[in-house]
K.L.:
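So that we are looking at the same thing, I have put the structure below in structure tokens.
Keep in mind it's a predicted model, so treat the numbers as computed, not measured.
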Amino acid sequence: MKINELAERQNELVNILVRLLEGYAWDIANFHMADLKRINIGCIQFWLDSKEDSVKEIFEAIAFARQLRKDMYDPEQGAWLSLDVDLNKLTDEVNFTFNWDNKSTLWDAHPDDIEYVVDMEEYPRPWALIPDWHPVRGKYTEQSWNEFLATR
């Protein structure tokens, strides 16, 4: 995905988040979303005067972020595992953080290993870029992973 296209898509996601936050009083908000091929989880939390609350209906933001993940996929680096978007109304700043290598802290209970394997098979990356904790390293050897990639 080209830089200007990524910036445009990020702006679209920010617009969705701001729209979902309409009707709520907030100064700072965070959208956190973790995605694997077959399962995902997300939340929008916001704060006003140190009081925390959350937005309940966020399907649109999750669906958009899932598509963004798919569109950002690059065979040379894979796909990110989770995303944080921080919005600060006081400073008018937005910050995107893409997590490519760590399990998300958002999961109440981490998904079964098979979910991580299915996701990595859908969005593969070179063996050297697969984190040591990732269950795909238990299912494949480097050679069998490279053979799998060659069949795609």
K.L.:
For the CZ atom of Phe59 and the CG atom of Leu20, what is their distance to the nearest 0.5 Å?
P.N.:
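The distance works out to 12.0 Å.
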
K.L.:
If you round to the nearest 0.5 Å, how far is CH2 of Trp26 from CD of Gln45?
P.N.:
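So the gap between those two atoms works out to 13.5 Å.
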
K.L.:
Answer yes or no: are there more than 12 heavy-atom neighbours, outside Glu57 itself, under 6.0 Å from its atom CD?
P.N.:
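Counting neighbours around CD of Glu57, 12 or fewer heavy atoms of other residues, nucleotides or ligands fall under 6.0 Å, so no.
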
K.L.:
Using only atom types and a distance under 3.5 Å, with no angle test, would you say the side chain of Arg9 pairs donor to acceptor with the backbone of Asn4?
P.N.:
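No: the side chain of Arg9 does not pair with the backbone of Asn4.
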
K.L.:
Determine the minimum heavy-atom distance between Pro111 and Leu36, stating which atoms define it.
P.N.:
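Closest heavy-atom pair between Pro111 and Leu36: CG-CD1, 3.7 Å.
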
K.L.:
Side chain of Arg125, backbone of Pro75: donor and acceptor closer than 3.5 Å?
P.N.:
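No, the answer is negative, given that no donor and acceptor are paired below the 3.5 Å cut-off.
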
K.L.:
Taking NZ, NE, NH1 and NH2 as the nitrogens, is one of them in Lys70 or Asp35 under 4.0 Å from a carboxylate oxygen of the other?
P.N.:
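Looking at Asp35 together with Lys70, the answer is no, because their closest N to O distance does not fall below 4.0 Å.
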
K.L.:
Run His32 and Ser82 through side-chain contact (heavy atoms from CB on, under 4.5 Å) and show every step you take.
P.N.:
CA-CA 7 Å; His32 183 87; Ser82 64; 4.2 Å; yes

K.L.:
Taking all non-hydrogen atoms of both residues, which atom of Met33 and which atom of Ile62 are closest, and how far apart?
P.N.:
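Minimum heavy-atom contact is CE-O, 3.7 Å.
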
K.L.:
With a 4.5 Å heavy-atom cut-off, do Asn95 and Val85 have their side chains touching?
P.N.:
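They are not in contact (no side-chain heavy atoms under 4.5 Å apart), so the answer is no.
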
K.L.:
Do Leu81 and Leu129 belong to the same hydrophobic cluster, where Ile, Leu, Val, Met, Phe, Trp and Tyr are linked whenever their side-chain heavy atoms lie under 4.5 Å apart, directly or via other members?
P.N.:
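Per the 4.5 Å side-chain linkage, Leu81 and Leu129 are not co-clustered.
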
K.L.:
Side-chain contact test, heavy atoms from C-beta onward, threshold under 4.5 Å: evaluate it for Glu147 versus Tyr140 and give yes or no.
P.N.:
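Glu147 does not reach Tyr140 side chain to side chain.
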
K.L.:
What I'd like to find out is whether the side chain of Leu87 reaches to under 4.5 Å of the side chain of Phe31, using heavy atoms alone.
P.N.:
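Result no, sub-4.5 Å side-chain heavy-atom pair not found.
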
K.L.:
CG of Leu90: more than 12 outside heavy atoms within 6.0 angstrom?
P.N.:
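Above 12, so yes.
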
K.L.:
Distance check, rounded to the nearest 0.5 Å: Gln67 atom CD versus Leu13 atom CG?
P.N.:
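Separation between the atoms: 12.5 Å.
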
K.L.:
Checking Tyr73 side chain against Pro124 main chain: does a donor-acceptor pair fall under 3.5 Å?
P.N.:
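Side chain of Tyr73 to backbone of Pro124, a donor-acceptor pair under 3.5 Å: yes, one is there.
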
K.L.:
Identify whether the distance between the nearest side-chain nitrogen and carboxylate oxygen of Glu121 and Lys139 falls below 4.0 Å.
P.N.:
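Yes, charged N to carboxylate O under 4.0 Å.
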
K.L.:
Counting only N and O atoms by type, is there a donor-acceptor contact under 3.5 Å from the side chain of Trp133 to the main-chain atoms of Asp101?
P.N.:
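A pair under 3.5 Å: yes.
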
K.L.:
If we count only N and O atoms by modelled type, under 3.5 Å, do the side chains of Thr97 and Asp84 hold a donor and an acceptor together?
P.N.:
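No donor-acceptor contact under 3.5 Å links the two side chains.
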
K.L.:
Do the charged groups of Lys37 and Glu115 touch, with an N to O distance under 4.0 Å?
P.N.:
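Not counted as a salt bridge, because no side-chain N and carboxylate O are separated by less than 4.0 Å.
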
K.L.:
Out of curiosity, Ile130 CD1 to Tyr116 OH, how far, rounded to the nearest 0.5 Å?
P.N.:
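Ile130 CD1 to Tyr116 OH: 14.5 Å, rounded to 0.5 Å.
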
K.L.:
Do Glu122 and Val117 have side-chain heavy atoms sitting under 4.5 Å apart?
P.N.:
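Side chain of Glu122 against side chain of Val117, heavy atoms only: no contact under 4.5 Å found.
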
K.L.:
Are Ile41 and Val118 grouped together when hydrophobic residues (ILVMFWY) are joined by side-chain heavy atoms under 4.5 angstrom apart?
P.N.:
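No, Ile41 and Val118 fall in different hydrophobic clusters.
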
K.L.:
Does the side chain of Trp47 come within less than 4.5 Å of Asn30's, by heavy atoms?
P.N.:
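Answer yes - side chains close enough.
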
K.L.:
We want to know whether Gln77 and Tyr123 form a side-chain donor-acceptor pair, criterion being a heavy-atom distance below 3.5 angstrom.
P.N.:
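Per modelled atom types, Gln77 and Tyr123 side chains form no pair under 3.5 Å.
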
K.L.:
Starting at CG of Leu17, measure out to CG of Asp86 and round the result to the nearest 0.5 Å.
P.N.:
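Here the rounded value is 10.5 Å.
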
K.L.:
Side-chain heavy atoms nearer than 4.5 Å, only ILVMFWY residues, links allowed to pass through others: does that put Leu106 and Ile39 together?
P.N.:
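Per the 4.5 Å side-chain linkage, Leu106 and Ile39 are co-clustered.
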
K.L.:
Is there a side-chain contact between Pro135 and Arg137 (heavy atoms, below 4.5 Å)?
P.N.:
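Heavy-atom side-chain distance check fails, nothing below 4.5 Å.
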
K.L.:
Using modelled atom types and a 3.5 Å cut-off, is there a donor and acceptor pairing between side-chain atoms of Asp132 and backbone atoms of His134?
P.N.:
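Flag not set: sc Asp132 to bb His134 has no pair under 3.5 Å.
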
K.L.:
Do Trp80 and Phe96 sit in one hydrophobic cluster, given that two such residues count as connected whenever their side-chain heavy atoms are within less than 4.5 Å of each other, even indirectly?
P.N.:
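Shared cluster, yes.
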
K.L.:
Say whether Leu48 and Ile44 are linked into one hydrophobic cluster, either directly or through other cluster members, by side-chain heavy-atom distances under 4.5 angstrom.
P.N.:
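No, Leu48 does not connect to Ile44 through the hydrophobic network.
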
K.L.:
For a quick test of reading the model, state the closest non-hydrogen atom pair linking Leu21 to Ala29 and the distance between them.
P.N.:
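Answer, listing the atom of Leu21 first, then Ala29: CD1-CB, 3.6 Å.
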
K.L.:
With side-chain contact (heavy atoms from CB on, under 4.5 Å) as the criterion, how do Lys89 and Ile28 come out once you've worked through the C-alpha distance, each side chain's angles and the decisive distance to 0.1 Å?
P.N.:
CA-CA 6 Å; Lys89 206 190 289 189; Ile28 297 172; over 6 Å; no

K.L.:
Using side-chain contact (heavy atoms from CB on, under 4.5 Å), reason through Arg69 and Phe98 one step at a time and then give a plain yes or no.
P.N.:
CA-CA 10 Å; Arg69 179 179 188 243; Phe98 297 97; over 6 Å; no

K.L.:
Would you check if Phe46 and Val55 make a side-chain contact, meaning some heavy-atom pair closer than 4.5 Å?
P.N.:
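Yes, side chains in contact.
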
K.L.:
Could you go step by step and tell me if Glu60 and Arg19 meet the salt bridge (Lys or Arg N to Asp or Glu O under 4.0 Å) rule?
P.N.:
CA-CA 10 Å; Glu60 181 182 8; Arg19 191 173 66 253; 2.3 Å; yes

K.L.:
Between Asp27 and Lys51, does any NZ, NE, NH1 or NH2 come within less than 4.0 Å of an OD or OE carboxylate oxygen?
P.N.:
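No.
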
K.L.:
More than 12 non-hydrogen atoms from neighbouring residues, nucleotides or ligands closer than 6.0 Å to CG on Asp92, yes or no?
P.N.:
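Open.
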
K.L.:
Given Leu68 and Leu6, is the side-chain contact (heavy atoms from CB on, under 4.5 Å) satisfied, shown in steps?
P.N.:
CA-CA 8 Å; Leu68 179 63; Leu6 176 58; 4.1 Å; yes

